[in-house]
Number of protein chains: 2
Amino acid sequence: MSKPEGLHKQAVTMRDVAQAAGVSQSTVSRVLSGTDGTMLIGEETRQRVLEAVAALGYFPNRHAGSLRGQKTMMLAMMIADIGNPFYHPMVRAVQDVAHEHRYDVMIANTDHTYAGERLFVESVIQRPVDGVILVPYHMGKADFDRLIARTGAAVAVLGQHIDHPQVDTVYGNDDQALFEAISWLVHERGHRRVGLIGVTNEHSVGVRRRSAFVAALRQAGLAIDPALFTLGDWTESSGYRAAQQLLALPEPPTAVFAVNDLMAIGAMEAIQSAGVQVPQQMAVMGFDDIPQATWVRPRLTTVAQYPAEMGRWMATALFERIQGEFDGVGRRFEVKCRLCQREST
Amino acid sequence: MSKPEGLHKQAVTMRDVAQAAGVSQSTVSRVLSGTDGTMLIGEETRQRVLEAVAALGYFPNRHAGSLRGQKTMMLAMMIADIGNPFYHPMVRAVQDVAHEHRYDVMIANTDHTYAGERLFVESVIQRPVDGVILVPYHMGKADFDRLIARTGAAVAVLGQHIDHPQVDTVYGNDDQALFEAISWLVHERGHRRVGLIGVTNEHSVGVRRRSAFVAALRQAGLAIDPALFTLGDWTESSGYRAAQQLLALPEPPTAVFAVNDLMAIGAMEAIQSAGVQVPQQMAVMGFDDIPQATWVRPRLTTVAQYPAEMGRWMATALFERIQGEFDGVGRRFEVKCRLCQREST
DNA sequence: CGAATCACCGCATACGATTGCATAAACAAG
DNA sequence: CTTGTTTATGCAATCGTATGCGGTGATTCG
């Protein structure tokens, strides 16, 4: 009775194909999906159907399949900031793997906020997908339970933020790598006052890296000066401001460690603008090894992570679950970080 | 009869809410959408329904609405390379506008290939969305006709590549800006041998920029030396290789212009590695003004584009069409480029 | 030669939400 | 008491696809 004013005109449906081929719609469905082992289709009709499909340029409407409870052929990916180059190879890798499986990828930014993360979860509840890839900073186990219970999607996660029995995890040994990096800075390079550009404690990864930083200083027998701890929000400009703060100190540090490269690059910019030489007067070190770390001068010493590998791992783990090849307890995969010694230290 | 094995478990549907509130499912629909002006709902039942919604934590299944031909609450965006920082503010702006409208964004890479672009169109045909944003390099009018005819989606496009009556377009005056940039390089800076790092003629934007380049040289009365024309593929590494090629020339240019910043940065890397001073011995100039242009040393002289503004414009134009506020012929919006004079020239 | 088997295919229903139409209740007017 | 009108709600069809089950014609077997 109701004729929906086609905002989306689906000119050619399965019924059209059926009519053109002189068969029923269900036959067309069976020819195309083919997965119905018990059902046999005559070779002649199969050909007629395939010809009609080609002639009409038919494509299946995936909204229908999604509604029917089939695969949605879609992945959702949540990252913190699409402007951060660290995520690009990851997104890239996920998209590549997805396309191999003829999947599409929906992407959302959270801007590192909890509100953004919850919005993402609600979005996925409203439009269920087959798989979800997350880089969570705030979400708790309850949020994951809800996500999984309501959508039934396979879930893969980056980072040690969460440990959930049903989600696969890939993470770097960042705390250990950071510990070693600071130790190297102290012992090999002789720095005794090292400033930190960290993030607020709302980010569990910030807490972990800060602890590793403190532990390294402690182990080296150095004093912990609260004035040397500054905060940023992962962006280049926040690194710039944090470095200014450190430079303004009565007794500035001789080295600055930023918990990501963007902030390190911003810090270097600030330090050089102030007429302070890097690394002679002040060394700078970052984390991630984004490509831009080698574009700046001096080239940035940093701790490399391997986002492409991480993304590929998450995506393949996801598809193993989607295709039912694996459904055990969440796997954990560690990608080792590596110190990249360059010119800024 | 058929019980689809719920890959996606939608625990709570509208029917559940209806049952909990003791009304029919259609009443729930009317309470929630509310858009049905002719239909009145008793205040008491409205409350009962809303309470049931809250109690059950109901969210609408958007796959169903999409199938029914309603809005899909989804945008699709096609860009060439998610690794190119030029696109990030654009993606960002689109996502921000979309989220204001409670829309999600599906993103696809084409890697600058026609195959990638066609794949995207097919993907959108199979899963219609309300709006499409494209950065096309190869697609022709026929592809756009097909896209629009098959999906009925609103379309917005970046660049002058296509001019279609039904699509809104935003573009920079890149040819003019490039002409002026080269003229500036020649007249103000005195360069008489300028190398070009361009792209193949398959990219219409490459052709246009190359023409502008040639025109500027002609107008300056300079000879056109084919050896000074090299090709890249928009990536940093291709810029590196192209610059090596120019350096190897018997008579190398005194300035190099790359049609985007990534290639310019790659070129600068190559030039400096070869022990040639930038800009004293060889000047470098790019196009786009990505943030990284000010990270490198010397800072890159370039022609600025404003991708965030471009993205915002495309997105708002799209929503004007989606919401029926506009349905006239495709609008065109020019975003002026601007020369950013820095240290590399 | 009648019945059982088999290969092939169509009918009908369901997924969840929207919406035109029918309908029930309540009330007013004649 | 009948008829008309208003108000609030339910029924049922629909979007495009998947699938259990029943049906039909042909072949085979006892």
Side-chain angles (χ1 to χ4, degrees), chain A residues 1-19 21-49 53 58-73 125-128 152, chain B residues 1-19 21-49 53 58-73 125-128 152:
Chain A
M1 255 333 126
S2 60
K3 277 176 199 154
E5 275 302 319
L7 177 58
H8 305 285
K9 27 195 162 183
Q10 174 96 9
V12 36
T13 79
M14 221 173 222
R15 222 181 303 272
D16 299 325
V17 176
Q19 191 163 9
V23 298
S24 81
Q25 173 261 338
S26 18
T27 300
V28 178
S29 170
R30 282 190 266 255
V31 168
L32 292 182
S33 51
T35 54
D36 200 336
T38 66
M39 198 62 74
L40 303 180
I41 302 289
E43 188 53 35
E44 188 219 7
T45 43
R46 148 174 273 110
Q47 287 307 326
R48 272 214 318 279
V49 168
V53 165
Y58 167 80
F59 284 95
N61 180 332
R62 298 212 182 282
H63 290 311
S66 303
L67 176 58
R68 189 61 217 269
Q70 305 306 122
K71 296 212 168 78
T72 65
M73 307 295 281
I125 288 177
Q126 298 184 36
R127 187 185 289 103
Chain B
M1 251 343 120
S2 59
K3 276 176 199 156
E5 276 301 319
L7 176 58
H8 305 286
K9 28 196 163 184
Q10 175 95 9
V12 35
T13 79
M14 221 172 220
R15 222 182 302 273
D16 299 325
V17 176
Q19 190 162 11
V23 298
S24 83
Q25 177 257 350
S26 22
T27 299
V28 178
S29 170
R30 282 190 265 257
V31 168
L32 292 182
S33 50
T35 55
D36 201 336
T38 67
M39 203 58 79
L40 303 181
I41 301 289
E43 188 52 37
E44 187 220 8
T45 42
R46 148 172 274 111
Q47 287 306 327
R48 273 215 317 278
V49 168
V53 165
Y58 166 80
F59 284 95
N61 180 332
R62 297 214 182 281
H63 289 310
S66 303
L67 176 57
R68 187 61 216 269
Q70 305 308 121
K71 295 213 168 77
T72 63
M73 306 297 280
I125 288 177
Q126 298 184 36
R127 187 185 290 104

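Per chain, numbering begins at 1; letters A, B, ... match sequence-line order.
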Enumerate all atom pairs, one protein N or O and one N or O from nucleotides 7-12 of chain C, separated by less than 3.5 Å.
residue, atom, partner, partner atom, Å
dC9(C), OP1, Thr45(A), OG1, 2.8
dC9(C), OP2, Gly42(A), N, 2.5
dC9(C), OP2, Thr45(A), OG1, 3.0
dG10(C), OP1, Ser24(A), N, 3.1
dG10(C), OP2, Ser24(A), N, 2.9
dG10(C), OP2, Ser24(A), OG, 2.9
dG10(C), OP2, Thr27(A), OG1, 2.3
dG10(C), N7, Arg30(A), NH2, 3.2
dG10(C), O6, Arg30(A), NH2, 2.7
dC11(C), N4, Ser26(A), OG, 3.0

Please give, in whole Å, the distance from [N] [atom2] to [X] [atom1]?
{"X": "Leu67(A)", "N": "dA18(D)", "atom1": "CG", "atom2": "P", "answer": "12 Å"}
{"X": "Asn61(B)", "N": "dG16(C)", "atom1": "CG", "atom2": "C1'", "answer": "6 Å"}
{"X": "Gln70(B)", "N": "dG16(C)", "atom1": "CD", "atom2": "P", "answer": "17 Å"}
{"X": "Met14(A)", "N": "dA18(D)", "atom1": "CE", "atom2": "P", "answer": "5 Å"}
{"X": "Gln126(B)", "N": "dT17(D)", "atom1": "CD", "atom2": "P", "answer": "10 Å"}
{"X": "Leu32(A)", "N": "dT19(D)", "atom1": "CG", "atom2": "P", "answer": "13 Å"}
{"X": "Arg68(A)", "N": "dC15(D)", "atom1": "CZ", "atom2": "C1'", "answer": "14 Å"}
{"X": "Lys71(B)", "N": "dA17(C)", "atom1": "NZ", "atom2": "P", "answer": "18 Å"}

Shortest non-hydrogen contact from [X] to [Y]?
{"X": "Ala64(A)", "Y": "Leu67(B)", "answer": "CB-CD1, 3.8 Å"}
{"X": "Asn61(A)", "Y": "Pro128(B)", "answer": "OD1-CD, 4.5 Å"}
{"X": "Val49(B)", "Y": "Val17(B)", "answer": "O-CG1, 4.1 Å"}

Under the salt bridge (Lys or Arg N to Asp or Glu O under 4.0 Å) test, which residues partner Arg127(A), sequence neighbours left out?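 Only Asp104(B) meet the salt bridge (Lys or Arg N to Asp or Glu O under 4.0 Å) criterion with Arg127(A).
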Listed by chain and number, what are the side-chain hydrogen bond (donor to acceptor under 3.5 Å, both in side chains) partners of [X], not counting sequence neighbours?
{"X": "Gln47(A)", "value": "Glu43(A)"}
{"X": "Arg46(A)", "value": "none"}
{"X": "Ser26(B)", "value": "Ser24(B)"}

With heavy atoms under 4.0 Å as the rule, sort Arg62(B) into base, sugar-phosphate or nothing.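 Nothing, no nucleic acid heavy atom in range.
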Taking the side chain of Ser29(B) as its heavy atoms from C-beta onward, which of dT17(D), dG16(C), dT19(C) lies nearest to it?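 Comparing dT17(D), dG16(C), dT19(C) against the side chain of Ser29(B), the answer is dT19(C).
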Can you tell me if Gln19(A) has over 12 outside heavy atoms packed within less than 6.0 Å of its CD?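 No.
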Just by distance, no angles: are the side chains of Gln126(B) and Arg62(A) close enough, under 3.5 Å, to form a donor-acceptor pair?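 Their side chains do contain a donor-acceptor pair, which is all the 3.5 Å distance test asks for.
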Would you sort out whether Tyr58(B) and Leu32(B) count as a side chain to side chain contact (heavy atoms under 4.5 Å, CB included), showing the intermediate values? CA-CA 11 Å; Tyr58(B) 166 80; Leu32(B) 292 182; 3.5 Å; yes
Excluding sequence neighbours, so at least two apart, what forms side-chain contact (heavy atoms from CB on, under 4.5 Å) with Glu44(B)?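 So Glu44(B) forms a side-chain contact (heavy atoms from CB on, under 4.5 Å) with Arg48(B).
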Counting primed atoms plus P, OP1 and OP2 as sugar-phosphate and everything else as base, spell out the protein contacts along nucleotides 23-29 of chain D at 4.0 Å heavy-atom distance: B, S or - for each nucleotide, 5' to 3'. -------
Heteroatom pairs (N/O) under 3.5 angstrom, protein to nucleotides 25-28 of chain C:
none

